[in-house]
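Step one of this worksheet: look at the structure below.
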Amino acid sequence: MALVVAQEVPTSSSMAVPHGPAGVGEARHRMRAQLRTGGVAETVIDDAVLILSELLSNACRHGRPLGDALAGDGDVRAAWRVEPTGRLTVEVTDGGGPTRPVPATPSVTARGGRGLNIITALADDWGVRDDARGEVTVWVVVHKDAHAGHRRDDFAARVTAPSVSAIPDLDFGNAFDSLD
């Protein structure tokens with residue numbers, strides 16, 4: 001008679017994603033399906049998928065593909081894992097670039113520059129790791145307990161943006177005076 005013992009196996013995945021927008025959807029879909037199968041709470045999955053999208057977009061916009069490929073021809077690497085403790089970590093690795101990943105303070109009308117602020121607001125922790133080959137990995141701890149499924153109540157307070165009153169020449173006081 002064989003004795004079968006249930007063992008919690010970490011959910012993990014690593015995939016090559018084309019350097020450009022083409023593979024982002026596939027990576028999000030694969031992550032969502034795998035984390036659902038692993039029993040991760042839906043709100044945590046939503047945060048993780050958004051974070052993965054931001055990291056891949058940043059890697060494609062600001063980093064080079066891995067290896068010696070030209071921009072648009074190579075891949076970046078996306079990886080995630082849920083450890084037996086429940087900690088969910090997402091990583092994206094690219095071939096490095098001319099700038100370092102740092103949160104920006106974009107203007108209200110800017111079309112970009114908010115990704116790392118969103119990540120900072122959703123994540124428990126994040127950072128950047130370089131290696132000897134010039135590859136850069138941005139890692140994010142999405143939730144220390146990926147099965148808990150609770151969101152932080154202070155999300156809006158953690159997203160940095162200038163207040164509307166601090167924007168010069170923006171006056172809504174008489175914006176509707178001409179309407180009847």
Within-4.5 Å side-chain heavy-atom neighbours: Ile118 and Leu50:
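Ile118 vs Leu50: side chains touch.
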
Side chain to side chain contact (heavy atoms under 4.5 Å, CB included) between Met31 and Val90: does it pass, once the steps are laid out?
CA-CA 10 Å; Met31 173 188 261; Val90 178; 3.7 Å; yes

Could you work out, with side-chain contact (heavy atoms from CB on, under 4.5 Å) as the rule, every residue matching [X], not counting sequence neighbours?
X	result
Ser14	Arg77, Ala79
Glu26	Met15
Val24	Arg28, Ser53, Leu56
Thr137	Glu91, Thr93, Arg129

Hydrophobic clustering (ILVMFWY, side-chain heavy atoms < 4.5 Å, transitive) - are Ile51 and Val128 grouped together?
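In one cluster: yes.
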
Kindly compute the distance separating [atom1] ([X]) from [atom2] ([Y]), expressed to the nearest 0.5 Å.
X	Y	atom1	atom2	answer
Ser12	Gln34	OG	CD	6.5 Å
Trp80	Arg30	CH2	CZ	5.5 Å
Leu52	Leu35	CG	CG	9.5 Å
Thr89	Glu83	OG1	CD	5.0 Å
Asp131	Arg133	CG	CZ	4.5 Å

Between Leu88 and Val44, does the side chain to side chain contact (heavy atoms under 4.5 Å, CB included) criterion hold? Intermediate values first, please.
CA-CA 9 Å; Leu88 171 58; Val44 175; 3.7 Å; yes

Nearest heavy atoms of [X] and [Y], plus distance in Å:
X	Y	value
Asp75	Ala16	OD2-CB, 3.7 Å
Ala59	Val92	CB-CG1, 3.8 Å
Cys60	Gly20	SG-N, 3.0 Å
Gly74	Pro65	CA-CB, 3.7 Å
Ala27	Val17	CB-CG2, 4.1 Å
His62	Pro98	O-CD, 3.6 Å

With sequence neighbours excluded, residues passing salt bridge (Lys or Arg N to Asp or Glu O under 4.0 Å) with Arg100:
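Once residues adjacent in sequence are excluded, the partners of Arg100 under the salt bridge (Lys or Arg N to Asp or Glu O under 4.0 Å) criterion are Asp130.
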
Can you name the residues that form a side-chain hydrogen bond (donor to acceptor under 3.5 Å, both in side chains) with Trp126, not counting sequence neighbours?
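So Trp126 forms a side-chain hydrogen bond (donor to acceptor under 3.5 Å, both in side chains) with Thr120.
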
Measure from the side-chain N and O atoms of His19 to the backbone N and O of Gly63, and report whether any donor-acceptor pair falls under 3.5 Å.
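The answer is yes, because a donor-acceptor pair under 3.5 Å joins these two groups.
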
Please check this pair: side chain of Asn58 against backbone of Arg61, looking for a donor-acceptor N/O pair closer than 3.5 Å.
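Not confirmed, Asn58 side chain does not pair with Arg61 backbone.
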
Kindly indicate, with the supporting measurements, whether the criterion salt bridge (charged side-chain N to carboxylate O under 4.0 Å, His left out) is fulfilled by Arg32 and Glu42.
CA-CA 9 Å; Arg32 183 173 297 281; Glu42 204 61 38; 3.3 Å; yes

